[in-house]
Amino acid sequence: TIDAISLLSASVSYAFKNLNLGVEIGYEGNQIGQTNYRVNGFTNYNIGKWPRKRFLYGAFVEYDIRLYRNLYFTPSYHVFKYNYLKTGPFQGYGNDLNREYTHNTIFQNRQGERYGAKIKLPVSEKVLFYAELGYVRNHLEVNSNFIQEAYQVESLEAEYRTFNYGFGC
């Protein structure tokens, strides 16, 4: 299966020649890890009721390269932080451990970066259409109070990666 991720975002940027510097905010929803997976009576603990929605905020830099008249190829780099919007406790390990911890308490140091490229087609002085492709690295660290087994500190760090594409105006 292919998991779907939807991102609605707004950005403001300043263009200096072909270099664009900006800030953005966004609301993301996804369907990654929404069901508990059981095989032969055992629960796969890598899948649970993971948070589906998050609020992102960050900055980006882009550089416009003219391909033809009003058609541009734009490599981009974004850095962002995010907060999960789910307020209830995390559920997914099948026990009553740490029921008071919300997603933002369990998953700390939430940040990410996106490498990508856009094809831009300006239609007026202030409006353009674009198609985008990106590679996203999401970083987080699990709160040590959430783990009841012995662990190494570096094992609390996690990263998940996605390929994204989109269209915008």
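Values below: every heavy atom of this structure, side chains too, minus hydrogens, waters and symmetry copies.
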Give a yes or no on whether [X] and [Y] share a hydrophobic cluster (residues Ile, Leu, Val, Met, Phe, Trp, Tyr; joining criterion: side-chain heavy atoms under 4.5 Å apart).
X      : Y      : answer
Leu128 : Leu67  : no
Tyr77  : Tyr135 : yes
Tyr84  : Val136 : yes
Ile65  : Ile119 : yes
Val79  : Tyr115 : yes

Closest heavy-atom contact between [X] and [Y]?
X     : Y      : value
Val61 : Leu21  : CG2-CD2, 3.5 Å
Glu24 : Ser11  : CB-CB, 3.7 Å
Ser76 : Ala117 : OG-N, 4.1 Å

Mind checking the [atom1]-[atom2] spacing from [X] to [Y]? Nearest 0.5 Å is all I need.
X     : Y      : atom1 : atom2 : value
Glu62 : Leu19  : CD    : CG    : 9.5 Å
Glu28 : Thr162 : CD    : OG1   : 7.0 Å
Ile25 : Tyr27  : CD1   : OH    : 13.5 Å
Phe55 : Ser9   : CZ    : OG    : 11.0 Å

Before accepting this row, confirm whether a basic side-chain N of the pair Lys120/Glu132 lies closer than 4.0 Å to the acidic partner's carboxylate O.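 The answer is no: the pair does not qualify as a salt bridge.
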
In this structure, which one of Asn83, Leu7, Asn138, Asn104 forms a side chain to side chain contact (heavy atoms under 4.5 Å, CB included) with Arg54? Asn138

Are Tyr82 and Leu140 close enough, and set up right, to give a side chain to side chain contact (heavy atoms under 4.5 Å, CB included), and what steps lead you there? CA-CA 10 Å; Tyr82 58 93; Leu140 56 89; 3.7 Å; yes

Any heavy-atom pair between the side chains of [Y] and [X] that's under 4.5 Å?
X      : Y      : result
His139 : Glu113 : yes
Asn20  : Asp64  : yes
Tyr72  : Pro122 : yes

Please list, chain by chain and in numerical order, all residues satisfying ring pair (Phe, Tyr, Trp, His ring centres under 6.0 Å) with Phe60, sequence neighbours excluded. His78

Decide side chain to side chain contact (heavy atoms under 4.5 Å, CB included) for Lys81 and Tyr57; before the verdict, give the C-alpha distance in whole Å, the side-chain angles of both, and the deciding distance to 0.1 Å. CA-CA 6 Å; Lys81 290 189 171 273; Tyr57 53 96; 3.6 Å; yes

cation_pi(Lys118, Tyr130) dist<6.0 Å, angle<=45: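 Yes, Lys118 lies over the aromatic ring of Tyr130.
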
Pairs flagged by salt bridge (Lys or Arg N to Asp or Glu O under 4.0 Å) wherever residues 159-169 is involved - sequence neighbours left out: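 Listed by first then second residue: Arg137-Glu159, Glu159-Arg161.
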
